[in-house]
Number of protein chains: 2
Amino acid sequence: MSASVITYAGGMVRWEPGTRERLQAAALDLFATRGFEQTTAAEIAQSVGLTERTFFRHFPDKREALFHGQELFVAAFLTGARESQAGAPPLEVVRAALASAATFFADERRPHSRRRQTVIDANPALQERERHKMVGLADTLGDLLRDRGVAEPAATLAARMGTTVFEVSFATWIAAGEERSMAEIQSAVFAELVALAQDR
Amino acid sequence: MSASVITYAGGMVRWEPGTRERLQAAALDLFATRGFEQTTAAEIAQSVGLTERTFFRHFPDKREALFHGQELFVAAFLTGARESQAGAPPLEVVRAALASAATFFADERRPHSRRRQTVIDANPALQERERHKMVGLADTLGDLLRDRGVAEPAATLAARMGTTVFEVSFATWIAAGEERSMAEIQSAVFAELVALAQDR
DNA sequence: GTCTATAGTGCGATAGAC
DNA sequence: GTCTATCGCACTATAGAC
């Protein structure tokens, strides 16, 4: 497949790097234009000069083409939590995780995030995967809190509150006309959560 | 399929009632013994004397065989919210929803819930569907809160806290050795949530 | 109730990198 | 020689179309 190889000075041929990223970009484009279900894995692969079989070597299923690459966000979120002050109350650890994660949602990223979310919002199967990833993150954060000595059910609750604040904040951040930074929005949402628990 | 019809006095033949329930029970049994992915829709159908086609007439996809029947729980949850005192703070509406939902988790139901959850816990695809349903419930509760005049993001946050308390409580309720009632557990988890927001 | 498209898997073959 | 990315082919099961 000539499109998937590049030629070096010496005439030697190698597989073009960044295959996964090209597949991802092609998948987002096709999902956005034709719709997720109307796009076959073969079409995505062909659009970058590869075969369906290769697509499935890179992604365990079609949905994952939209979710690979979130590892950096997850890493930032957990690093923020890990680096928070020892002995801090659970919600302060959560706040640190959120602040760290916010660095990944710079303003330049907003258009791409909007585009991607539009695709997800249009497909229940993609929404299911997105929730699943978020719960996985909450579970990991819960483990981290338990390692720091937080008891149950506080650890699980605090972790879930963290991902909930993130999800609500993210939805706000990509809303039409929204211009505040992710960090600003998260602070406001977090404050609202605390206020809710007190207004009773 | 003789197993799926019954004969009435007059000799007339009709579809045996409870087809969906029998399919559901068979699905749970097979998923529990062979595993979800190792069980085909055709096998489930055949085990109650029906065809694959009939299975998909009752359930839009294989996973739904495990999730149909949750409508009563959802209805109880939302009814509890609707019947809470007008003007009550958001978390009080949530508390009412939880209290109402708890009536569906009587002690007799615990063994069945445990069995079902074991199957779900063993399969990511089923977990994804379960999360999705729970988020759908949170969304509906959020709508209800907004209808009652709760602003954003408070409505969404309160609703999500409700389903989170439910999920954590349910997991506790079916844990090995647990004997407290669902209502008791929910109260404890709810109190823990409020305490978390105050300990800062 | 049958027919078909597509997701996803398993395995063998190829070809370049090392 | 090993390792890794790819292709190609055969196959099953889901799910939807007819």
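When reading the values below, keep in mind they use all heavy atoms of this one structure, side chains included, and skip hydrogens, waters and symmetry mates. Keep in mind that this is a model prediction, so the values were computed, not measured. Just so we're on the same page: letters track the sequence lines, and every chain starts at 1.
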To the nearest Å, give me how far apart [atom1] ([X]) and [atom2] ([N]) are.
{"X": "B/Glu37", "N": "C/dT9", "atom1": "CD", "atom2": "C1'", "answer": "11 Å"}
{"X": "A/Glu64", "N": "C/dA7", "atom1": "CD", "atom2": "C1'", "answer": "14 Å"}
{"X": "A/Arg34", "N": "C/dA5", "atom1": "CZ", "atom2": "P", "answer": "17 Å"}
{"X": "A/Gln38", "N": "C/dA7", "atom1": "CD", "atom2": "C1'", "answer": "15 Å"}
{"X": "B/Arg63", "N": "D/dA13", "atom1": "CZ", "atom2": "P", "answer": "18 Å"}
{"X": "A/Glu52", "N": "C/dA5", "atom1": "CD", "atom2": "P", "answer": "14 Å"}
{"X": "B/Leu30", "N": "D/dA13", "atom1": "CG", "atom2": "C1'", "answer": "16 Å"}
{"X": "A/Phe36", "N": "C/dA5", "atom1": "CZ", "atom2": "P", "answer": "20 Å"}

**Item:** Residues which pass salt bridge (charged side-chain N to carboxylate O under 4.0 Å, His left out) with A/Glu192, listed by chain and number, not counting sequence neighbours
**Value:** none
**Prompt:** Considering residues at least two apart in sequence or located in another chain, which fulfil the salt bridge (charged side-chain N to carboxylate O under 4.0 Å, His left out) criterion with A/Asp107?
**Reply:** A/Arg110
**Strand contacts (DNA chain D) in residues 55-62 of chain A, 4.0 angstrom heavy-atom criterion** = A/Arg57, A/His58
**Item:** Within 6.0 angstrom of A/Glu71 CD, more than 12 heavy atoms from elsewhere
**Value:** yes
**Message:** Is it the case that atom CD in B/Glu37 sees more than 12 heavy atoms from other parts of the structure closer than 6.0 Å?
**Reply:**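 It does not: B/Glu37 CD has 12 such atoms or fewer within range.
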**Asked** Is B/Arg114 salt-bridged to B/Asp121, going by a charged N under 4.0 Å from an acidic O?
**Response** no
**Complete:** In this structure, CD of B/Glu128 is separated from CD of A/Glu130 (nearest 0.5 Å) by 11.5 Å
**Complete:** Given the options B/His58, B/Gln24, B/Lys133, B/Glu64 meets side chain to side chain contact (heavy atoms under 4.5 Å, CB included) only with B/Lys133
**Request:** For D/dT6, take OP1 and OP2 only and decide whether either is under 4.0 Å from a side-chain N or O of A/Thr19.
**Result:** yes
Are any protein N/O atoms closer than 3.5 Å to N/O atoms in nucleotides 10-12 of chain C? If there are, list each pair with its distance.
{"residue": "C/dG10", "atom": "N7", "partner": "A/Arg53", "partner atom": "NH2", "Å": "2.8"}
{"residue": "C/dG10", "atom": "O6", "partner": "A/Arg53", "partner atom": "NE", "Å": "2.4"}

Using a 3.5 Å cut-off and no angle test, enumerate the donor-acceptor pairs between side-chain atoms of residues 135-144 of chain A and protein atoms at least two apart in sequence or in another chain.
{"residue": "A/Thr140", "atom": "OG1", "partner": "A/Gly136", "partner atom": "O", "Å": "3.0"}
{"residue": "A/Asp143", "atom": "OD1", "partner": "A/Arg146", "partner atom": "NH2", "Å": "2.7"}

**Asked** How is B/Thr54 classified with respect to the nucleic acid when contacts are heavy atoms under 4.0 Å: base, sugar-phosphate, or nothing?
**Response** nothing
**ring-ring contact (aromatic ring centres under 6.0 Å, His included) contacts in which one or both residues fall within residues 82-108 of chain A, not counting sequence neighbours** = A/Phe73-A/Phe105, A/Phe105-A/Phe166, A/Phe105-A/Phe170, A/Phe105-A/Trp173
